[in-house]
Amino acid sequence: MHPSPPLVPGLAGEHFAPGSTLARAVRVTASPAGLHVTGADGATAVWSYAELRVMRGMRAGEPVQIERAVSAVEVVVVGDRALLAQLEAHRPAGTRLAVSGGRVRGRTLLVALLLVVLAGVALYRFGLPVLADAAADRVPAAWERELGDAVVADFAPESARERAPRIVAPATALHARLAAVAAGAATGSRLVVARQDVVNAFAAPGGTVVVTTGLLRALRTPDELAAVLAHELGHVRRRHPMHGMMRQLSLQALLGVLAGDASLWSGGLQVAGQLGGLR
């Protein structure tokens with residue numbers, strides 16, 4: 001058993017009866033028997049250590065709040081943290097003071113914060129892609145074509161497009177044959193040849209397929225070009241470019257698209273150029 005210092009005059013506190021928000025003035029002190037709560041009329045209640053639960057007071061400057069953990073919870077609040085030292089000094093050997101506030105509450109807040117962060121990550125990782133896909137499916141064809149034109153204009157402006165028939169004509173004819181047998185949006189696809197040395201091909205929203213002269217030079221047979229074009233037409237048919245662009249939009253813009261608000265479409269045009277860098 002801990003050495004028992006002499007009892008000191010009770011510390012001033014407030015007592016809240018079960019279910020009441022009205023406080024009454026009390027004097028509070030500790031002994032080996034437990035916590036003594038004495039009212040103005042001199043009546044004293046003793047709360048055993050098994051019933052005590054410290055809710056607040058573990059931090060400097062914080063009042064001590066102790067609950068009596070019985071069927072009907074009652075509370076005492078004491079401004080002097082010396083009460084905690086009294087309780088520790090008088091508690092019988094083999095017993096412990098239950099603490100639900102202070103450090104425990106801090107850990108609870110930390111866990112709650114971590115859960116909020118994890119929920120946010122989960123929303124970003126799983127929720128926003130689902131919302132983006134739903135928004136992509138609701139984009140009108142005219143909007144999608146407008147977006148695709150912005151992508152193509154950013155990557156391959158008119159002045160940077162290949163015009164030589166000996167280069168463009170065979171690729172365009174092959175693309176047209178493949179698009180004619182493709183289902184869905186790919187049937188309205190068009191081909192643009194960008195005069196660039198980089199080996200690249202991509203599908204833009206709205207059905208345009210862009211290939212570079214660098215890619216055409218790197219291919220050895222028409223079959224290889226057919227494979228590349230078929231791959232990109234598959235993206236067009238499944239509207240992958242539109243879905244990919246939507247996943248880059250802000251939440252506000254996505255909600256605007258779902259609501260049919262064309263004023264937020266500028267957000268899509270601002271990120272349209274990023275799709276031009278797809279390999």
Side-chain angles (χ1 to χ4, degrees), residues 129 131-165 167-216 225-226 228-279:
L131 184 61
D133 290 342
D137 292 336
R138 296 191 59 179
V139 172
W143 288 18
E144 186 170 357
R145 175 68 71 174
E146 179 185 4
L147 178 63
D149 291 344
V151 171
V152 175
D154 181 79
F155 183 83
E158 292 289 340
S159 60
R161 298 182 187 181
E162 181 59 57
R163 302 295 184 185
I167 298 176
V168 176
T172 301
L174 182 56
H175 170 267
R177 288 172 55 195
L178 293 171
V181 298
T187 56
S189 178
R190 66 189 180 105
L191 181 72
V192 170
V193 179
R195 197 164 53 246
Q196 293 189 17
D197 292 333
V198 64
V199 177
N200 193 14
F202 68 91
T208 300
V209 174
V210 179
V211 297
T212 63
T213 51
L215 173 69
L216 296 179
L225 177 58
V228 171
L229 293 176
H231 177 85
E232 299 305 333
L233 288 170
H235 286 314
V236 171
R237 184 178 58 200
R238 295 173 177 82
R239 301 186 76 195
H240 288 168
M242 192 69 248
H243 284 250
M245 197 286 303
M246 280 295 173
R247 293 188 180 195
Q248 299 181 56
L249 288 182
S250 67
L251 178 60
Q252 180 186 12
L254 286 176
L255 294 176
V257 172
L258 287 170
D261 186 355
S263 66
L264 295 173
W265 190 240
S266 59
L269 297 179
Q270 290 173 3
V271 300
Q274 298 178 17
L275 292 181
L278 296 179
R279 298 295 188 266

Assess the residue pair Thr208 and Arg190 against the criterion (side-chain hydrogen bond (donor to acceptor under 3.5 Å, both in side chains)); give the C-alpha distance rounded to whole Å, side-chain angles, the decisive distance to 0.1 Å, and a yes or no. CA-CA 5 Å; Thr208 300; Arg190 66 189 180 105; 3.0 Å; yes

If you compare all heavy atoms of Ala203 against all heavy atoms of Val236, which two are closest, and at what distance to 0.1 Å? CB-CG2, 3.6 Å

When you measure from the side chain of Arg195 to the backbone N and O of Ser159, does any donor-acceptor pair fall under 3.5 Å? yes

Taking the side chain as everything from C-beta on, heavy atoms only, tell me whether Val152 gets closer than 4.5 Å to Val210. yes

Nearest 0.5 Å please: distance from the CD atom of Glu162 over to the OG1 atom of Thr213. 6.5 Å

Go through the steps for Phe155 and Val192 under the test side chain to side chain contact (heavy atoms under 4.5 Å, CB included), then give the verdict. CA-CA 11 Å; Phe155 183 83; Val192 170; over 6 Å; no

With side chains defined as the heavy atoms from C-beta onward, is the minimum distance between Leu229 and Leu191 less than 4.5 Å? yes

In plain terms, say whether Glu232 and Arg237 are close enough for a salt bridge, that is, a side-chain N and a carboxylate O under 4.0 Å apart. no

What closest approach, in Å, do Ala201 and Val228 show between heavy atoms, and which atom pair accounts for it? CB-CG1, 3.8 Å

Phe202 vs His235, test: side chain to side chain contact (heavy atoms under 4.5 Å, CB included). Steps then yes/no. CA-CA 9 Å; Phe202 68 91; His235 286 314; over 6 Å; no

Given Leu215, which of Val193, Val198, Val199 fulfils the side chain to side chain contact (heavy atoms under 4.5 Å, CB included) condition? Val199

Taking every non-hydrogen atom, the tightest pair across Ser189 and Val209: OG-CG2, 3.7 Å

4.5 Å side-chain heavy-atom contact, Thr212 and Asp197: no

Closest heavy-atom pair, Ala204 versus Gly148, reported as atoms and distance to 0.1 Å, is CB-O, 4.1 Å

Heavy-atom closest pair, residues Pro165 and Pro170: O-CD, 3.5 Å

